[in-house]
S.K.: 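Here it is, the structure, as structure tokens.
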Amino acid sequence: MRAVLKIGGSLLYDDTGKVLTDRITKYAVSVRALLKEGHQLVIVVGGGKPARTFIGAARDLGATETQCDWLGIKLARHNAELLCVALGEAAYPRVVEGLDELETAMCSGRVVLMGGLTPGQSTNAVAALAAEVVRGAKLLNATDVDGVYDKDPDKPGAKKLDTVDIKQLKTILAATSARAGEYKLFDPVAVRIVERSKIETVVFDGRDPENLLRFFKGKKIGTTIVHGQKEDT
Ligand code: UTP
């Protein structure tokens, strides 16, 4: 199987900002096993707590949104480097910084890592764009919730959806922020790419790295984004 795995930066840090090296190691072990089984993987890592800390400080200091975005882009690349280190020989040794470089890196037969790409989007857009480049790739979004909810999961009565149509997803996301460091789940660019190429996408709880292996074993995890089919009620 070809897949682009997006690992939310929030999964790599605890509340104090400490790097969760055990979790990174667990992901590396699972990804190496998948590579051995013949699966092709691109991994996009998000900016997480350091991105939010730097973006918050830069904004207080009067930075433009573009300057804030560049901080997030670079910090996401640094986070990708951590996974690159944990994967060792299994990883293409350089974090890929452009989509043109992605195709070349894929030819290495190793796991390819990416962070941010360009201002005005989140790493979910990077992952969606990578899934377009890697033809037929599924998009697996490992995040810190167990799937997509019909409203903000912190609000009372919010219900987790097993499947969600891309159009319903757009309505759910319409209320969320589009400022640097504040994207929740999917930013508008990511949604547009997933929709235009009908990319098979799954949003799942990445706090348990075993979920990744469960998916590759054919088990149902998280929420599947569908295109033009009946959604949950
Ligand atoms: P993300 O918001 O994608 O990080 O990137 P994340 O870790 O996946 O998010 P969480 O922690 O799981 O919620 C951090 C910031 O970097 C900038 C944006 O400002 C984004 O909010 N960024 C990232 C870009 O501008 N362009 C990119 O291609 C990627």
Side-chain angles (χ1 to χ4, degrees), residues 4-20 23-24 27 42-61 63-83 95-102 112-133 139-149 152-154 172-173 175-194 201-209 211-212 222-223:
V4 175
L5 169 66
K6 155 75 204 299
I7 302 182
S10 55
L11 296 174
L12 306 188
Y13 295 87
D14 71 10
D15 291 344
T16 68
K18 184 177 167 291
V19 182
L20 299 171
R23 189 177 279 160
I24 296 177
Y27 267 108
V42 175
I43 305 180
V44 179
V45 187
K49 197 173 173 68
R52 271 186 291 277
T53 303
F54 272 76
I55 288 170
R59 198 174 272 135
D60 287 349
L61 294 166
T64 62
E65 285 299 298
T66 308
Q67 285 174 314
C68 291
D69 279 343
W70 273 113
L71 284 171
I73 290 166
K74 289 180 209 167
L75 285 156
R77 287 175 183 164
H78 288 322
N79 287 336
E81 274 169 36
L82 290 179
L83 195 61
V95 172
V96 165
E97 295 184 359
L99 291 174
D100 45 354
E101 198 191 334
L102 175 59
V112 178
L113 290 139
M114 299 183 79
L117 266 186
T118 187
Q121 58 179 37
S122 79
T123 47
N124 283 314
V126 178
L129 287 161
E132 270 192 340
V133 171
L139 177 53
L140 311 177
N141 193 329
T143 183
D144 58 1
V145 283
D146 57 356
V148 177
Y149 280 69
D152 186 335
D154 294 331
I172 295 168
L173 295 174
T176 64
S177 171
R179 291 207 314 167
E182 294 178 7
Y183 297 114
K184 292 230 172 98
L185 282 179
F186 287 94
D187 64 286
V189 179
V191 174
R192 191 159 48 79
I193 303 297
V194 166
T201 303
V202 177
V203 179
F204 68 96
D205 191 343
R207 289 169 294 191
D208 178 5
N211 274 335
L212 181 63
T223 301

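Counting begins at 1 with the first residue of the sequence. Atoms within a ligand are numbered from 1 in the order they appear, just like the ligands themselves.
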S.K.: So, using salt bridge (charged side-chain N to carboxylate O under 4.0 Å, His left out) as the criterion, who are the partners of Asp144 when residues are at least two apart?
M.R.: none
S.K.: As an exercise, identify every atom of ligand 1 less than 4.0 angstrom from a heavy atom of Gly47.
M.R.: 4 (O), 5 (O), 6 (P), 7 (O)
S.K.: Counting heavy atoms only, which of Gly48, Gly9, Ser122, Gly8 is nearest atom 2 (O) of ligand 1?
M.R.: Ser122
S.K.: Under 4.0 Å from a heavy atom of Gly120: give me the atoms of ligand 1 that qualify, with their elements.
M.R.: 25 (O)
S.K.: Would you say ligand 1 has an N or O under 3.5 Å from any N or O of Asn124?
M.R.: no
S.K.: side-chain contact (heavy atoms from CB on, under 4.5 Å) with Phe186: which of Ile193, Ile172, Val191?
M.R.: Val191
S.K.: Within a reach of under 6.0 Å around OH of Tyr149, are more than 12 heavy atoms found that belong to other residues, nucleotides or ligands?
M.R.: yes
S.K.: For ligand 1, is there an N or O atom under 3.5 Å from any N or O atom of Ala51?
M.R.: no
S.K.: What distance separates Arg59 CZ from Glu65 CD, expressed to the nearest 0.5 Å?
M.R.: 4.5 Å
S.K.: Does ligand 1 have a heavy atom under 4.0 Å from the side chain of Leu75, from its backbone, from both, or from neither?
M.R.: neither
S.K.: Let me confirm one number: the CD1-CG distance from Ile24 to Leu82, rounded to the nearest 0.5 Å.
M.R.: 5.0 Å
S.K.: Will you find, in the side chains of Asp14 and Thr16, an N or O donor that is under 3.5 Å from an N or O acceptor?
M.R.: yes
S.K.: Is the shortest distance from a heavy atom of Pro119 to ligand 1 less than 4.0 Å?
M.R.: yes
S.K.: Just which atoms of ligand 1 are under 4.0 Å from any heavy atom in Gly46?
M.R.: 4 (O), 6 (P), 7 (O), 8 (O)
S.K.: Sequence neighbours excluded, which residues qualify as salt bridge (charged side-chain N to carboxylate O under 4.0 Å, His left out) partners of Arg77?
M.R.: Glu97
S.K.: Using a 4.0 Å heavy-atom threshold (strictly under), name the region of Thr123 that reaches ligand 1: side chain, backbone, both or neither.
M.R.: both
S.K.: Heavy-atom distance to atom 26 (N) of ligand 1: which of Thr118, Val189, Leu12 wins?
M.R.: Thr118
S.K.: Enter the distance from Trp70:CH2 to Thr118:OG1 here, rounded to the nearest 0.5 Å.
M.R.: 5.5 Å
S.K.: How long is the gap from CG on Asn141 to CG on Asn124, to the nearest 0.5 Å?
M.R.: 4.5 Å
S.K.: Distance under 4.0 Å to a non-hydrogen atom of Val126: what atoms of ligand 1 satisfy this?
M.R.: 28 (O)
S.K.: Flag Gly116 as yes when one of its N or O atoms lies below 3.5 Å from any N or O atom of ligand 1, and as no otherwise.
M.R.: no
S.K.: Can you tell me how far the CD1 atom of Ile73 sits from the CE atom of Met114, to the nearest 0.5 Å?
M.R.: 11.0 Å
S.K.: Lys6 heavy atoms, cut-off 4.0 Å: which ligand 1 atoms fall inside?
M.R.: 8 (O)
S.K.: Looking at ligand 1, is there an atom of it that comes within less than 4.0 Å of some heavy atom belonging to Ala125?
M.R.: no
S.K.: Please determine whether any non-hydrogen atom of Cys68 lies less than 4.0 Å from an atom of ligand 1.
M.R.: no
S.K.: In Å and rounded to the nearest 0.5 Å, what is the OG1 to CG distance from Thr64 to Asp69?
M.R.: 8.5 Å
S.K.: Please confirm whether Lys49 approaches ligand 1 to less than 4.0 Å, judged on its heavy atoms.
M.R.: no
S.K.: For ligand 1, is any non-hydrogen atom under 4.0 Å from Arg52's backbone (N, CA, C, O), its side chain (CB onward), both, or neither?
M.R.: side chain
